[in-house]
Amino acid sequence: MVKEKINRLLLPSIILYRSIAICCMAILIVVQAKLIYNTYELKNRQYNLDEKELINDAYKQAIRNEVLFPGGAKILKQHIDNNLVKFQELYTNGPKEFEAFQKQVSEELYKDLTRYSTMDSLFRAIHTQLALTNDLQFLLILNNIAITFDGISYIPIYHKGVFGDAPVNIREVGQGMLIDGDLSFANRENLVTSISISDPSPNTLQVSFSLYVDQYNRQIAILKQMVPTLSLSLMSIAFVLLIYYFTYRNWLKQKKLADMKSDFLNSITHEFNTPISAILVANKSLQNPDIITNYTRVNTLTGIIKRQTDRLQTLVNQALDITSMSKENIEKESHDLEKLLEEIINDYELKTPEKVQIRYTAFTSGSIVPLNRFLFTTMLYNIFDNALKYNNAAIKNITVITDWKEGHLTVSIKDNGIGMAESTISHIFEKFYRGKHNLQTGGLGLGLFYVKQSLEAHGWRLHLQSQIGVGSEFCIFIPYHTNNTGL
């Protein structure tokens, strides 16, 4: 009941802790992502600024008194200037004829500009002239063409979208028609220059065009520059995750320890109260004048007090002295293992009921083993006690066998109890741990912990096999020399 109450009290704190941890982690990731994105945008805007300035100056110098590329002004004059009279006539007479002629001229202009473009050779020359090392690509785009008849109002001949949904034979990229280049997209980050040419005089034209230059795989190049930033960011997130993990794990350990202490206090209260109550009842009975004159009754009551006192002393010693065992401080004597096991089993059988059968088979003989008799006996008693305590069979069987396995002398103790699941086996040797089962059994959860401590103190190892509903088998492996001299 106490443990369930503690779990009910702790459950909201567990949910709150997890929720806060997840929210904090999400906020950290969002902040880191925002910082990385802003860093990328900053580097993207500042990428190759010096190269852009150099290309801008070289390009403007190369097309001085020209449009788009060397020879571009001549093409524009042929298609636009030479048709100004016709444009004016159609514009005055009817918009439909003007729009049809406008589309025709734009398509023919686009065809000649792309056919006779010298921008590719010009760009290669600029690249060589400036000794640029990056693998660069360019886009040359014609943004706008307009004409004026009065030097004040401009009438568009071409700009992106001027023809609406009408089909046109013009390839458009960005904000205008693509004249030359193989750069995949145009944006403000790779814009080198944007030039507008106009003359506020009657019967003139206005032209604007842009040059875009960028490195091949620009994004990958920027990300390579950001490797230190990305690494530090990922490392910081990883460290925070580790901190959260270890903090949460330690918190769970503390919770588990609190549960174990709670179980221990509940168990030790029950276990201690049983002999204390029996002693108090027996003592009160001894105070009865009618009983104190009856030798048989007195002898029975003093026997009860003696047994319960011994039990209480055993519980106290088990609870307080169990952690003091080590290889260094236990005293060992050489014992004939087979004879010692026979004595221990015979003594244990004296206190077991008739429905318990203990069978002992020795496939070894004369095995002299250095051990601490008290620890070894208590260790076996604890295993025997568990075999009977966690057993609901009509006839409770314990089988003890000595044999040779894997070059070791082995002591196998097998029972027909309720068995254990894998999840229980992984915790069964922990201090104060008591497995989940339907049997109402007492104890402090120290029996198998004592077994583990005894094994470690002797330098032995244990292999445990168990199956629910079938039983468990404890197999103790004792290092042994074949010359029968012990360890």
Test side chain to side chain contact (heavy atoms under 4.5 Å, CB included) applied to Lys74 and Gln78, step by step:
CA-CA 6 Å; Lys74 181 180 179 181; Gln78 176 185 350; 5.6 Å; no
Once you round to the nearest 0.5 Å, how far does [atom1] of [X] lie from [atom2] of [Y]?
| X | Y | atom1 | atom2 | result |
| --- | --- | --- | --- | --- |
| Asn169 | Arg171 | CG | CZ | 14.0 Å |
| Ser153 | Ile147 | OG | CD1 | 12.0 Å |
| Leu109 | Ile157 | CG | CD1 | 10.0 Å |
| Tyr116 | Leu113 | OH | CG | 11.0 Å |
| Leu380 | Asp385 | CG | CG | 10.5 Å |
| Ile401 | Lys414 | CD1 | NZ | 8.0 Å |

What closest approach, in Å, do [X] and [Y] show between heavy atoms, and which atom pair accounts for it?
| X | Y | value |
| --- | --- | --- |
| Ser472 | Ser466 | OG-OG, 2.7 Å |
| Glu473 | Ser412 | OE2-OG, 2.6 Å |
| Phe87 | Gln102 | CE2-CA, 4.1 Å |
| Leu140 | Leu68 | CD2-O, 3.7 Å |
| Thr148 | Asp150 | OG1-OD1, 3.1 Å |
| Lys60 | Thr193 | CE-OG1, 3.3 Å |

Pairwise side-chain contact, [X] with [Y], heavy-atom cut-off 4.5 Å (strictly under):
| X | Y | value |
| --- | --- | --- |
| Phe474 | Asn386 | no |
| Ile155 | Phe149 | yes |
| Ile63 | Ile195 | yes |
| Phe209 | Val67 | yes |
| Ile476 | Met379 | yes |
| Ser194 | Asn143 | yes |
| Met420 | Leu464 | yes |
| Phe477 | Leu462 | no |

Are the side chain of [X] and the backbone N or O of [Y] linked by a donor-acceptor pair below 3.5 Å?
| X | Y | value |
| --- | --- | --- |
| Lys103 | Pro167 | yes |
| Gln137 | Asp214 | no |
| Thr410 | Asp403 | yes |
| Glu97 | Leu90 | no |
| Asp415 | Ile398 | no |
| Asn190 | Phe185 | yes |

Is there a side chain to side chain contact (heavy atoms under 4.5 Å, CB included) between Asn187 and Tyr212? Walk through the geometry before answering.
CA-CA 8 Å; Asn187 54 38; Tyr212 298 85; 5.8 Å; no
Report the C-alpha separation of Ser196 and Gln206 in whole Å, then their side-chain angles, then the decisive distance to 0.1 Å, and conclude whether the side chain to side chain donor-acceptor pair (under 3.5 Å) test is met.
CA-CA 7 Å; Ser196 181; Gln206 180 188 67; 4.8 Å; no
Just checking Tyr91: does its OH atom have more than 12 heavy atoms from other residues, nucleotides or ligands closer to it than 6.0 angstrom?
no
Does atom CD (Glu107) have a neighbourhood of more than 12 heavy atoms from anything else shown, all under 6.0 Å?
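Count over threshold, so yes.
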Using the side-chain contact (heavy atoms from CB on, under 4.5 Å) rule, pick out the option among Leu178, Val173, Leu139 that qualifies with Leu183.
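With Leu183 as partner, side-chain contact (heavy atoms from CB on, under 4.5 Å) holds for just one option, Leu139.
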Would you call the rings of Trp460 and Phe376 parallel, tilted or perpendicular, where under 30° means parallel and over 60° means perpendicular?
perpendicular
Chi angles and distances behind the side chain to side chain contact (heavy atoms under 4.5 Å, CB included) call for Trp404, Phe363
CA-CA 8 Å; Trp404 295 99; Phe363 292 106; over 6 Å; no
Apply the test side chain to side chain contact (heavy atoms under 4.5 Å, CB included) to residues Leu76 and Ile145: give CA-CA distance (whole Å), side-chain angles for both, the deciding distance (0.1 Å), then the verdict.
CA-CA 9 Å; Leu76 281 172; Ile145 304 174; 4.0 Å; yes
Residues passing the ring pair (Phe, Tyr, Trp, His ring centres under 6.0 Å) test with Tyr154, sequence neighbours excluded, are none
side-chain contact (heavy atoms from CB on, under 4.5 Å) against Glu172, all qualifying residues, sequence neighbours excluded
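Glu172 satisfies side-chain contact (heavy atoms from CB on, under 4.5 Å) with Tyr158, Lys160, Ile170 only.
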Residues 117-132, side-chain donor-acceptor partners within the protein, below 3.5 Å, at least two apart:
unit_1 : atom_1 : unit_2 : atom_2 : d
Ser117 : OG     : Met119 : N      : 3.2
Ser117 : OG     : Asp180 : OD2    : 2.9
Thr118 : OG1    : Pro70  : O      : 3.1
Asp120 : OD2    : Arg124 : NH1    : 2.3
Ser121 : OG     : Thr118 : O      : 2.9
His127 : NE2    : Asn134 : O      : 2.9
Thr128 : OG1    : Arg124 : O      : 3.0

Could you tell me if Asn203 and Ser201 have a donor-acceptor pair between their side chains, going purely by distance under 3.5 Å?
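Side-chain D/A pair, Ser201 to Asn203: absent.
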